[in-house]
Amino acid sequence: MSESTPSQSAAPSPSQTVSIPLNDHERMEKIVALTKRRGFIFQSSELYGGINGAWDYGPVGTLLKRNVKDAWWRAMVQDREDIVGLEAAILMHPMVWKASGHVDGFSDPMIDCRTCKKRFRADDLEGAVCGLKPSKHPGKEGRDACGGDLTEPRNFNLMFETALGPLSDTSAKCFLRPETAQGIFVNFANVVSSTRVKLPFGIAQIGKSFRNEINPRNFTFRSREFEQMEMEFFCVPGTDDEWFQKWVETRWQWYLQLGLKKDRLRLRPHDKLAHYSKATTDIEYLFPFGWGELEGVANRTDFDLRQHQRGVRSLAAWQKLENGDLASLPLADEEAEYHKGKLSYFDDEKKQRYIPFVIEPAAGADRATLAFLCDAYDEDGAPDAQGKVETRVVLRFHPRIAPVKAAVLPLLRKDGHPERAEKLYKDLRKRWMVEYDESAAIGKRYRRQDEIGTPLCITIDHQTLTDGTVTVRDRDSMTQQRIAEDQVARYMHETLGLL
RNA sequence: GCGGGAGUAAUUCAGUGGUAGAAUGCCAGCUUCCCAAGCUGGACGUCGCGGGUUCAAGUCCCGUCUCCCGCUCCA
């Protein structure tokens, strides 16, 4: 890199910038407004008044989310030799969800009380306690009834149903996947037989999932359509505890390395475990609206692979199912020799066949993207041309996830600056997402780039035309330095760590 | 699903039942040798949507949708 003397411009020094504290609610509203104003996130179908629990990513948000997913893929697949990728279909055989437990687990009818505002399971109304009168049972009639006004039982089925094929028919009912994980489990045998993977190894997948959330809330945090980054790590039974700890640590580090503030991250081990899980630890981020789960790391044991062996044995019964009611279908018992079944693994070293255990780090792509946005949002004071301190909005993204890596700006819109700048821009954009902007004053263009978190601004001025140097302005400190134009790519590579 | 608040330009917000407004942003041009400068011009609204009351509704009433907050829910 060519060293250069810092420019003697009017650029403020870092010590002049002071962060301005915001209360959480105000902060979240500003983030939501910024993401719309600058093209990160729009509400789905906004033109038609919006649709609950779905969001669209605009031009800048698409770049951000893509960078988040790329960073995950790079860390989980490209940089490792023990994990391979997969892209399973969203539509799967209905029996997948019977075997996984989703059909049964998601069909609990619920009853709300309009009087005491509590919610009860319909099948446990007798044992339930009224929210206002703890000695009484919810309801208007019967023994010890509290007199409350109850709603009819409602099914809270979290899976979206759809029909396979254009003709409506109960046997063609299928679901939009509520998690990508099952696509991995049902392809376990395919991956083992088509690649040279050996235990322990993982299968990673990024893709959309759908859940009929009862109450979408908190911007994109809880949506009905969302994207997951999931990996199922298959290991030898008995080594699962160790791998579980390793994955909690590995995934924790991933968020830190991409710049999330450590004091806004925490691990939360679960006390109450799901039926499939031996241990679960969530990685949570302190959003302006409170702590929220970014990722859950679970020890799923051998539950899923064993369940799918039972599922496959239940196919004949499914075909005879007349009402299409999967919940009423009993899943076939396990074979006595289940460990030698279809989804078992033959260990060449041990000369043994067994069902692997599975550690699952399951992250939300939209949640991670939102966390990076919230974490990056900052306001500081920057002096304007007259020296008066104005509020500056800046997204301090890690360069790896910043939507735009650099902006190329001609200082003036004449004297050959634009032509020279455009040449550099066209060169850089072959390698990175780079923007060109010649409109308005230079200060305004810097602030525009600050608002979408562009780490560097490269400015072409008169000196460029005489000695071939440009100024590089740093987003966070707003300081500038001069480097040779032909060293810009190298500079970006070295200072941003971009490849 | 319950309760509360809100919905007017891209954003933040004014708007007394009587012609739809401001600031910022955006676009074009001029100017400008580095931090939202200045000047000139411009585009942008079925006032979330649908009913009702009224001579007349952004404003009052009802319904609905969406967002935010608190509950609830989150195998």
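Residue numbers begin at 1 in each chain, while the letters A, B, ... track the order of the sequences. The figures that follow rest on heavy atoms only: side chains count, while hydrogens, waters and symmetry mates do not. Note that the structure is predicted; figures quoted are calculated from it, not measured.
A/Gly53 comes within contact range of the sugar-phosphate backbone alone, with a heavy-atom separation under 4.0 Å but no base atom that close. Residue A/Glu179 is in base contact, counting any heavy-atom pair closer than 4.0 Å across all strands shown.
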Ignoring hydrogens and angles, write down the donor-acceptor pairs under 3.5 Å from the side chains of residues 402-414 of chain A, residues two or more places apart or on other chains.
residue	atom	partner	partner atom	Å
A/Lys405	NZ	A/Pro399	O	2.7
A/Lys405	NZ	A/Arg400	O	3.0
A/Lys405	NZ	A/Ala402	O	2.8

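Residue A/Met478 has its side chain nearest to B/C35 when only B/C35, B/C73, B/G1 are considered. Considering only side-chain atoms of A/Gln480, the nucleotide from B/A36, B/C35, B/C69 that sits closest is B/C35. Closest contact between the side chain of A/Lys444 and the listed nucleotides B/C35, B/A37, B/C68 involves B/A37. Closest to the A/Ser439 side chain, of the nucleotides B/C27, B/C35, B/C34, is B/C27. Residue A/Asn52 places its side chain closer to B/C67 than to any other of B/C67, B/A36, B/U72. Listed candidates were B/U72, B/C34, B/A36. Nearest to the side chain of A/Ile442 is B/C34.
In this structure, A/Arg264 contributes its side chain and A/Leu286 its backbone to a donor-acceptor pair below 3.5 Å. A/Lys65 places no side-chain N or O within 3.5 Å of a backbone atom of A/Tyr57 that could act as its donor or acceptor partner.
Both cation-pi conditions hold for A/Arg367 and A/Phe221: the charged atom is under 6.0 angstrom from the six-membered ring centre and inside a 45 degree cone around its axis.
Comparing the same atom, P, in B/C49 and in B/G45 gives a spacing of 13 Å after rounding to whole Å. Straight-line distance between the P atoms of B/U24 and B/C60: roughly 30 Å, to the nearest whole Å.
In the region residues 276-291 of chain A, proximity to RNA chain B at under 4.0 angstrom, judged on heavy atoms, holds for A/Tyr276, A/Phe289. A heavy atom lying under 4.0 Å from RNA chain B marks the following residues of residues 412-421 of chain A, by number: A/Leu412, A/Arg413, A/Lys414. Of the residues in residues 293-306 of chain A, not one comes within less than 4.0 Å of RNA chain B through any heavy atom.
Using Watson-Crick or G-U wobble geometry with both donor-acceptor distances under 3.5 Å, B/C49 finds its partner in B/G63. Of the nucleotides present, none pairs with B/U16 by Watson-Crick or G-U wobble criteria with both distances under 3.5 Å.
Looking only at atom types and distance, the side chain of A/Tyr276 has no donor-acceptor partner in the side chain of A/Gln307 under 3.5 Å away.
Ion pairing between a basic and an acidic side chain is recognised when a charged N comes within 4.0 Å of a carboxylate O; A/Glu451 and A/Arg37 show such pairing.
With sequence neighbours excluded, the residues that form a side chain to side chain contact (heavy atoms under 4.5 Å, CB included) with A/Thr162 are A/Leu91, A/Cys174, A/Leu176.
Using cut-offs of 30° and 60° for the angle between ring planes, the A/Phe234 and A/Phe188 rings count as tilted. In this pair, A/Phe219 and A/Trp55 present their aromatic rings perpendicular. The plane angle is above 60°, beyond the 30 to 60° band.
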Where protein sits on nucleotides 4-11 of chain B, one letter per nucleotide: B base, S sugar-phosphate only, - none, heavy atoms under 4.0 Å: ------SS
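The shortest distance between side-chain heavy atoms of A/Arg211 and A/Phe226 falls below 4.5 Å.
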